[in-house]
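Below, all heavy atoms of this structure are taken into account, side chains as well, without hydrogens, waters or symmetry copies. For clarity, every value in this text was computed on a predicted model and none was experimentally measured.
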Amino acid sequence: MNTTRTVNDWIAIQPQDDVIIALRDYVKGEHITLPDSTAFTLREDVPKGHKIAVHTLAPGEDVMKYGFSIGIAKEQIEQGSWIHSHNLKTGLHGLLEYQYQPGPPVQTDMPPEHLRSFDGYLRPNGEAGIRNEIWIVNTVGCINKVCEALARMGQSQFGSRVDGVYHFPHPFGCSQLGDDLKYTQQVLASLVEHPNAGGVLVIGLGCENNQVDQFRECIAPEYQGKVRFLKAQETDDELEEGLRLMEELVELVEHEQRQPLPLSKLKIGLKCGGSDGLSGITANPLVGSVADMLVAAGGTAILTEVPEMFGAETILMNRAANEQVFDDLVDLVNGFKQYFVNHGQNIYENPSPGNKAGGITTLEEKSLGCTQKGGRSSLVDVLRYGKRVTQTGLNIVEAPGNDLVSVTALSAAGAHIVLFTTGRGTPFGGPVPTVKIATQSDLANRKKHWIDFNAGQLLEGKTMEDVKVHLFSQLIDIASGRAHTLSEQHGFREIAIFKDGVIL
């Protein structure tokens, strides 16, 4: 699904496509000439990032983009017409059955020799961290403000001795039962275990469902040594006691030093948000190429936002390393579809208003762009929500499309860094460094305080080879502590928990 040709102010992706994509705002009456000398006049205004019909399409006909159908023509679409929600509808419906049809393995590029290691912190259990931070994790939302105050005090007192002290507020942990509580505990425990946190202070109130002693059992034994626990109702001054426990943690980790580590220890998360009509043309293929380079070097890439695979899921299914991985992904996809059905929602009621304003019309169009973040590597494992990666290579973790929920799930799965592509822009950051990658230069230039990398260079004469090496180099600098993302610099760190837990 790589770009095949760019001509001045529009781009075509595959020769068999029925559309070209506007790279600027067009007005009715402008003329376009294709490389085969076909010429036509625009029948209406077409915004940047949106689709233009290159020939007439009959009602009910599939409309092709990326070499795949992105939906069905609602009516006759004349050559030179703007194609969007008024004349294109999804072709997806109902639950599907799938057959495993694996393709041949794809050879992907190794990173350049000088980018095959990073400087990280080697933890006692052999895992790597790219930050040496102290994290505060609360078992219940009632003490968010206490934890927030402790994080400020801890940063003031200990921030110069570690890479920072951070708290991630959430509203859960009380009035939760059964699987709902179990999966809240699971995602919080996986965050506690994250190697970017050299030490973790777990704080409970004392009367919540998510009791500290019960939550302690959710944390694997090999991580218990880096954790301290505090019950606020059982101490006279929780701030004083919290600072004392934090100092213990700082003393435990402050002498840790970075050392060269192989890329096999590095994990990246892959996410898009506020996508537009250029996401599947610039930023997502770029991130897929970077993910492939890391996987080729023995590292790990983690993909999520399962509902935004609908319509392109077979591309990933047929890259499953074996039939068990294929079956696990089928269960995950169909389980998420059933989740929508159980809540009385249309399975394919997507894209968002922002996506549509940016040029995306149907879910299959969005998914065909979204899944390109996963590159071309084989899929080695499918993880349930809140679980941590155990295999190197490309993994998929269960989570919805919601940006904060998905980035939290990627972090809990073990991602050291999240590569976040966006055509509309967003300021937020997850618990791990979150690299914002713009799909176009307009956004990168306008939102310099949000955007870390501009994939719009791919539309301005830069080659994929050059740009992917540039992004990979920036990734290694961030992993090595030589650079920090804008969200880190601004102190933007958030988590969000999927209230329904798993959907199966």
Distance alone, cut at 3.5 Å: any donor-acceptor contact between the side chains of [X] and [Y]?
X    : Y    : value
T90  : E364 : yes
Y98  : D327 : no
T463 : D466 : yes
T361 : K51  : yes
Q338 : N334 : no
E78  : Q76  : yes
D292 : S289 : no
S441 : N454 : yes

Calculate, to the nearest 0.5 Å, the distance between atoms [atom1] and [atom2] belonging to [X] and [Y] respectively.
X    : Y    : atom1 : atom2 : value
I302 : T300 : CD1   : OG1   : 7.0 Å
E30  : T41  : CD    : OG1   : 10.0 Å
S367 : F68  : OG    : CZ    : 12.0 Å
Y26  : I20  : OH    : CD1   : 6.5 Å
Q259 : S480 : CD    : OG    : 12.0 Å
I476 : S117 : CD1   : OG    : 7.5 Å

Do [X] and [Y] have side-chain heavy atoms sitting under 4.5 Å apart?
X    : Y    : value
V287 : I437 : yes
L266 : F118 : yes
V418 : I268 : no
P102 : R319 : no
M317 : Y100 : no
I478 : T485 : yes
T33  : T38  : no
E460 : Q440 : no

Taking it one step at a time, do I83 and V63 satisfy side-chain contact (heavy atoms from CB on, under 4.5 Å)?
CA-CA 9 Å; I83 296 182; V63 177; 4.3 Å; yes
Students often mix this up, so state it plainly: with edges at 30° and 60°, are the rings of [X] and [Y] parallel, tilted or perpendicular?
X    : Y    : value
H470 : F453 : perpendicular
H490 : F492 : tilted
F498 : Y385 : perpendicular

Does atom NZ of K74 have more than 12 heavy-atom neighbours from other groups under 6.0 Å away?
yes
Does NZ belonging to K89 count more than 12 external heavy atoms closer than 6.0 Å?
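Open: at most 12 neighbouring heavy atoms sit under 6.0 Å from NZ of K89.
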Relative to F428, does K436 satisfy both conditions: NZ or CZ under 6.0 angstrom from the six-membered ring centre, and within 45 degrees of the ring's axis?
yes
When you measure from the side chain of [X] to the backbone N and O of [Y], does any donor-acceptor pair fall under 3.5 Å?
X    : Y    : value
S190 : A413 : no
N87  : H84  : yes
Q79  : V54  : yes
N196 : I130 : yes

Minimum heavy-atom distance [X]-[Y], with the two atoms named:
X    : Y    : value
S279 : P285 : O-CD, 3.5 Å
Y66  : I13  : CE2-CD1, 3.6 Å
T282 : A455 : CB-O, 3.7 Å
L394 : S377 : CD2-O, 3.7 Å
P427 : W450 : CB-NE1, 3.3 Å
F336 : P400 : CZ-N, 3.7 Å

Any chance you could lay out the side-chain contact (heavy atoms from CB on, under 4.5 Å) test for V19 and I52, step after step, and finish with the verdict?
CA-CA 5 Å; V19 301; I52 300 169; over 6 Å; no
I'd like to know if [X] pairs up with [Y] as an ion pair, taking the criterion as any Lys NZ or Arg NE/NH1/NH2 lying under 4.0 Å from an Asp or Glu carboxylate oxygen.
X    : Y    : result
E365 : K356 : no
K337 : E313 : yes
D18  : K65  : no
K265 : E127 : no
R258 : D119 : no

For S352 and N355: C-alpha separation, side-chain torsions, deciding distance, then whether side chain to side chain donor-acceptor pair (under 3.5 Å) applies.
CA-CA 5 Å; S352 71; N355 297 150; 3.0 Å; yes
Run the numbers on R424 and D276 for salt bridge (charged side-chain N to carboxylate O under 4.0 Å, His left out), then give the verdict.
CA-CA 7 Å; R424 310 287 291 177; D276 67 0; over 6 Å; no
Evaluate R131 against H484 for side-chain contact (heavy atoms from CB on, under 4.5 Å), listing each step before the verdict.
CA-CA 10 Å; R131 299 289 183 266; H484 291 78; 3.7 Å; yes
Dump the intermediate steps for side-chain contact (heavy atoms from CB on, under 4.5 Å) on E465 and V469, then the final yes or no.
CA-CA 6 Å; E465 184 65 29; V469 171; 4.0 Å; yes
Centre-to-centre under 6.0 Å for H55 and F40, is that the case here?
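Ring centres of F40 and H55 not closer than 6.0 Å.
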